[in-house]
J.: 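One structure, pasted below without further comment.
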Amino acid sequence: MIRTHDAGTLRAEHAGTTVTLAGWVARRRDHGGVAFIDLRDASGTVQVVVRDLDSVHGLRAEYCVKVTGEVRVRPEGNENPDIPTGAVEVVVADLEVLSEAAPLPFPVAEYEPGTVNEEVRLRYRYLDLRREGPARALRLRSKVNHVIRTVMEENGFLDIETPNLTRSTPEGARDFLVPVRLQPGTWYALPQSPQLFKQLLMVAGMERYYQIARCFRDEDFRADRQPEFTQLDVEMSFADQEDVIDVGEQVVARVWKEVHGYDVPRPLPRLSYADAMARYGSDKPDVRFGQELVDLTGYFAGTEFRVFQAPYVGAVVMPGGASQTRKQLDAWQDWAKARGARGLAYVVVDAETGELRGPVAKNLSEEHLAGLVEAAGAARGDAIFFAAGRRTASQELLGAARLEIGRRCGLIDESAWAFLWVVDFPMFEPVEDDKGEQTGWTAIHHPFTAPTAASLDTFDKDPASALSNAYDLVLNGSEIGGGSVRIHQREVQQRAFEAIGLSPEEAASQFGFLLEAFNYGPPPHAGIALGLDRLVTLLGGYDTIRDVIAFPKTSTGGDPLTGAPTPITPEQRREAGIDAKPRPRGEAEQASGS
RNA sequence: GGUCCCGUGGAGCAGUUGGUUAGCUCGCCACCCUGUCAAGGUGGAGGUCGCGGGUUCAAGUCCCGUCGGGAUCGCCA
């Protein structure tokens, strides 16, 4: 190395040592007769004193320099207690400019974080990452990866890579497609996850597989979504739900312990999907605060009020919500309509008299009004929001309202780590057409998810009530992982395909290779995948997963740094075979195997 | 695909009911300055107000479209 020490490590005990440092000019303070340079490298910053003014005069911010000099304790009164190296400084004997820097597009020596436009930061991400905050996110992520690998290796898991060029499957998200030059007219797909490969690895007897795997899904962006993202992907043979949950808990417990010194309370609490929906209106409930939903379907049985003559009537209470202006209450209606609801009925409880007011109150009987505050768990001064209609949709609306209430009323304990498992997911959910008419069923998790023992015989005859051996890991209202016990019996898998309307021919065409593998003694197996980007975002308290990705993309899939994506030349287009017609004999029949 | 917000020198922002030469802080360039640490001082350069169209005597400002960025609903097994 061309340096002898790391700048950020120098302390009073180094006084008298001659050191060579290499790094960047973070700041320069030129007093004419003496100048100070804050020299920054990956370890931190140290003050360098220069008296040879010719050498320092031409220095500018972010020049890459090498300095040699003696470490000394700073003169009395000149210490800087704000930085770790503030007791010492390096008196320069020799200063060499390794490379120069052009004027900066934004201040790299940032003293107010978050004041630079994100697009500019991404365009010059290599400068952005020189800053302490952005760099810290990548260091954190590296540490998490390391802890994960340690835990997985300790548990005897094998790190096995799976292909990134694979075949397109119809289920789930939209695939990214890659034209295949050697077979014009045919296309690879980038994997949405290594799901099928890891199951094949179980058939292959690998027994314990893990991979920190890149996944690709061509869907619209969110703050917590990118088209390529990373999962800790895990699969275990001869394991059941408890074994997988144990591994998942080990991973998060070790990560949180190593990073925050926080002891994750194990075993983590569990909530059935049905309870999560009933109490929180979400399959990824944020349990850092209360305000649980109240089911008033029975309470309003026999009501004259047409709106509440519904399969489900529920409520959520907004503490102090009665003090909202008419305008604010109307805004809730717009908020609900934006989510596709008709509106959000409400009743306010007068803070002084306890009288119930609002448009809905006029439609309710004396009897229903009398007990309502108690039934809803409200108090004087609160607002009660109602949703009535189809059960799940109404619960989801109330759940969203609950989160909004939590935010607006400051009910959320931001320091909490609220982990929990959501279990006992339904196997299927209805598929509806534009008019809301049910046209069939689709797998909630994926079509390889095993039914629970109780549903094994009946899941295909009664899809509505079938439960699956699936589990999601939830942290502070975000899903950070999910998995399931897989179907390992061909016959059960066939019935599962039939239940979602996939004919044996279609199943064979799309998943024939997996079904064929299942002819050869597949072991019972189960697995999980943790979303690393989200996990690290929550772990580090970041706002978006872009913060924990070295080179993230913008919401239209662009990379401001490289300029990707770009048009291709006509020659590239020709060579790639994008416009070629596939040969008549389709690969589908090849894949069907048997 | 829908809705909302943002776009003004290199960065962050201001710009009134439309009205003279578009303003501030930081940065940049030159010079001064021997103990600063967001150093200080003096002077200077730097702007097609994202782009296109429209309204008007007059548009950074109002209207329409479009591009880029962000958020959100749909979507994401």
Side-chain angles (χ1 to χ4, degrees), chain A residues 26-39 45-51 53 56-58 60-62 74-83 85-86 89 91 101-124 127-128 169-175 192-193 195-196 215-227 229 334-341 396-397 400 404 425 427-429 431 434 441-449 468 470 479 482 484 496 500 502 529 531 543-544 546 553-558 560:
Chain A
R27 227 181 271 278
R28 191 187 57 133
R29 295 177 292 280
D30 185 349
H31 288 249
V34 62
F36 304 94
I37 298 165
D38 291 340
L39 184 79
T45 301
V46 72
Q47 173 164 286
V48 168
V49 186
V50 188
R51 291 182 193 277
L53 297 177
V56 80
H57 189 74
R60 293 293 181 268
E62 298 307 317
R74 291 195 190 184
E76 179 123 22
N78 283 301
E79 304 83 2
N80 183 351
D82 296 333
I83 59 172
T85 61
E89 59 193 9
V91 183
L104 302 169
F106 57 83
V108 170
E110 176 80 38
Y111 44 92
E112 277 179 60
T115 54
V116 178
N117 183 283
E118 192 178 354
E119 195 184 355
V120 181
R121 288 174 48 204
L122 295 185
R123 167 108 199 273
Y124 300 93
L127 291 179
D128 187 42
T169 52
E171 283 282 323
R174 201 173 294 113
D175 284 324
Q192 295 176 24
S193 78
Q195 181 62 37
L196 298 168
C215 308
F216 306 86
R217 292 178 191 175
D218 186 10
E219 296 292 344
D220 287 2
F221 285 64
R222 287 287 188 281
D224 62 355
R225 254 192 257 159
Q226 287 265 303
F229 60 100
D334 297 335
W335 174 89
K337 281 170 189 159
R339 320 189 147 250
E396 282 172 351
L397 178 64
E404 194 63 31
F425 276 80
M427 226 170 141
F428 306 103
E429 64 186 345
V431 181
D434 299 341
W441 297 93
T442 185
I444 282 194
H445 193 63
H446 59 56
F448 315 108
T449 301
S468 68
E479 181 197 328
S484 64
I500 59 172
L502 211 58
D543 296 324
T544 144
R546 293 187 298 274
K553 292 174 179 58
T554 67
S555 69
T556 46

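None of these values were measured; they are calculated from a predicted model. Order of the sequence lines sets the chain letters (A, B, ...), proteins ahead of strands, with each chain counted from 1.
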J.: Tell me the closest heavy-atom pair linking A:Thr554 and A:Phe221, and the distance in Å.
T.: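 Shortest heavy-atom contact: O-CE2, 3.2 Å.
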J.: Across all strands shown, which nucleotide pairs with B:A59 by Watson-Crick or G-U wobble geometry, both distances under 3.5 Å?
T.: none
J.: What is the distance, to the nearest angstrom, from the NZ atom on A:Lys337 to the C1' atom on B:G74?
T.: 19 Å
J.: Provide, to the nearest angstrom, the distance between the CZ atom belonging to A:Arg27 and the P atom belonging to B:A38.
T.: 7 Å
J.: Let me spell it out: for each of A:Arg51 and A:Arg28, pick the nucleotide of RNA chain B with the closest heavy atom. Which residue's pick is nearer the 5' end?
T.: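 Of the two residues, A:Arg51 wins.
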J.: Please give, in whole Å, the distance from B:C75 C1' to A:Gln192 CD?
T.: 13 Å
J.: Tell me every residue that passes salt bridge (Lys or Arg N to Asp or Glu O under 4.0 Å) with A:Arg222, counting only those two or more places apart in sequence or in another chain.
T.: none
J.: Starting from P on B:A71, measure out to CG on A:Asp543 and report it in whole angstrom.
T.: 10 Å
J.: Answer yes when A:Glu219 and A:Arg225 have at least one side-chain N-carboxylate O distance shorter than 4.0 Å, and no when they do not.
T.: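 Salt bridge between A:Glu219 and A:Arg225, a charged N being under 4.0 Å from a carboxylate O: no.
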J.: How far does the P atom of B:G54 sit from the matching atom of B:U61, given to the nearest Å?
T.: 14 Å
J.: Distance check, P atoms only: B:G2 and B:U48, in whole angstrom units.
T.: 33 Å
J.: Can you check the A:Phe221 CZ to B:C73 C1' distance for me, whole Å?
T.: 17 Å
J.: Could you give the distance separating B:G35 and B:G41 at their P atoms, to the nearest angstrom?
T.: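 So the two P atoms sit 15 Å from each other.
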J.: Where do A:Asp543 and A:Ala223 come nearest, in terms of heavy atoms and distance?
T.: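 Closest heavy-atom pair between A:Asp543 and A:Ala223: O-CB, 4.3 Å.
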J.: Less than 3.5 Å apart, any donor N or O on the side chain of A:Arg217 or A:Gln226 sitting next to an acceptor on the other?
T.: no
J.: With both distances under 3.5 Å as the test, what is the Watson-Crick or G-U wobble partner of B:G18?
T.: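 Its partner is none (no Watson-Crick or G-U wobble pair with both distances under 3.5 Å).
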J.: Whom does B:G47 pair with, Watson-Crick or G-U wobble, provided both distances fall under 3.5 Å?
T.: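 Partner of B:G47: none.
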J.: Where along nucleotides 1-12 of chain B does protein come under 4.0 Å, by heavy atom, of base (B) or sugar-phosphate alone (S), with - for untouched nucleotides?
T.: B--------SSS
J.: Rounded to whole angstrom units, what separation is found between the CD1 atom of A:Ile37 and the C1' atom of B:G35?
T.: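 Going from CD1 in A:Ile37 over to C1' in B:G35 covers 14 Å.
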J.: Using whole Å, report how far CZ of A:Arg123 lies from P of B:G68.
T.: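 After rounding, the gap between these two atoms is 16 Å.
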J.: Just the rounded figure in Å: distance from P of B:C75 to CG of A:Asp175.
T.: 18 Å
J.: If we call it a pair only when both distances are under 3.5 Å in a Watson-Crick or G-U wobble match, what pairs with B:U34?
T.: none
J.: Applying a 4.0 Å non-hydrogen cut-off, can you work out what A:Glu79 is touching in the nucleic acid: base, sugar-phosphate, or nothing?
T.: base
J.: Base of B:C75, side chain of A:Arg225 - is there a donor-acceptor contact under 3.5 Å?
T.: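 By the distance-only test, yes, there is a pair.
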J.: Check this for me: does any side-chain nitrogen of one of A:Asp38 and A:Arg28 sit under 4.0 Å from a carboxylate oxygen of the other?
T.: no
J.: What pair of heavy atoms forms the shortest contact from A:Glu62 to A:Leu104, and how long is it?
T.: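 Closest approach of A:Glu62 to A:Leu104, heavy atoms only: CG-CD1, 3.7 Å.
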J.: Please check if any side-chain donor atom of A:Asn80 sits under 3.5 Å from a side-chain acceptor atom of A:Gln47, or the reverse.
T.: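 Not at all, the side chains of A:Asn80 and A:Gln47 share no donor-acceptor pair under 3.5 Å.
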J.: Which residue lies toward the 5' end of RNA chain B, A:Arg339 or A:His446, if each is placed at its nearest nucleotide?
T.: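 Per heavy-atom nearest nucleotide, the more 5' residue is A:Arg339.
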J.: Taking any heavy-atom pair under 4.0 Å as a contact, classify A:Glu76: base, sugar-phosphate, or nothing.
T.: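 No contact.
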J.: Return the pairing partner of B:U3 with a 3.5 Å limit on both distances, Watson-Crick or G-U wobble; otherwise return none.
T.: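 Across any shown strand, B:U3 pairs with B:A71.
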J.: Using Watson-Crick or G-U wobble geometry with both distances below 3.5 Å, tell me the partner of B:G9, or none.
T.: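 Matched B:G9 with nothing under the 3.5 Å cut-off.
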J.: Just to confirm, is there a sub-4.0 Å distance from OP1 or OP2 of B:A39 to any side-chain nitrogen or oxygen of A:Arg29?
T.: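 Indeed, a polar side-chain atom of A:Arg29 lies that close.
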J.: Quick one: is B:G69 close enough that its OP1 or OP2 comes under 4.0 Å of any side-chain N or O from A:Ser555?
T.: no
J.: Does B:G35 have A:His31 stacked on its base, where the ring centres are within less than 5.5 Å and the planes differ by under 30°?
T.: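 Here A:His31 fails the 5.5 Å or the 30° condition.
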J.: Measuring from the side chain of A:Thr556 (C-beta onward, heavy atoms only), which nucleotide among B:C31, B:G69, B:U36 has the closest atom?
T.: B:G69
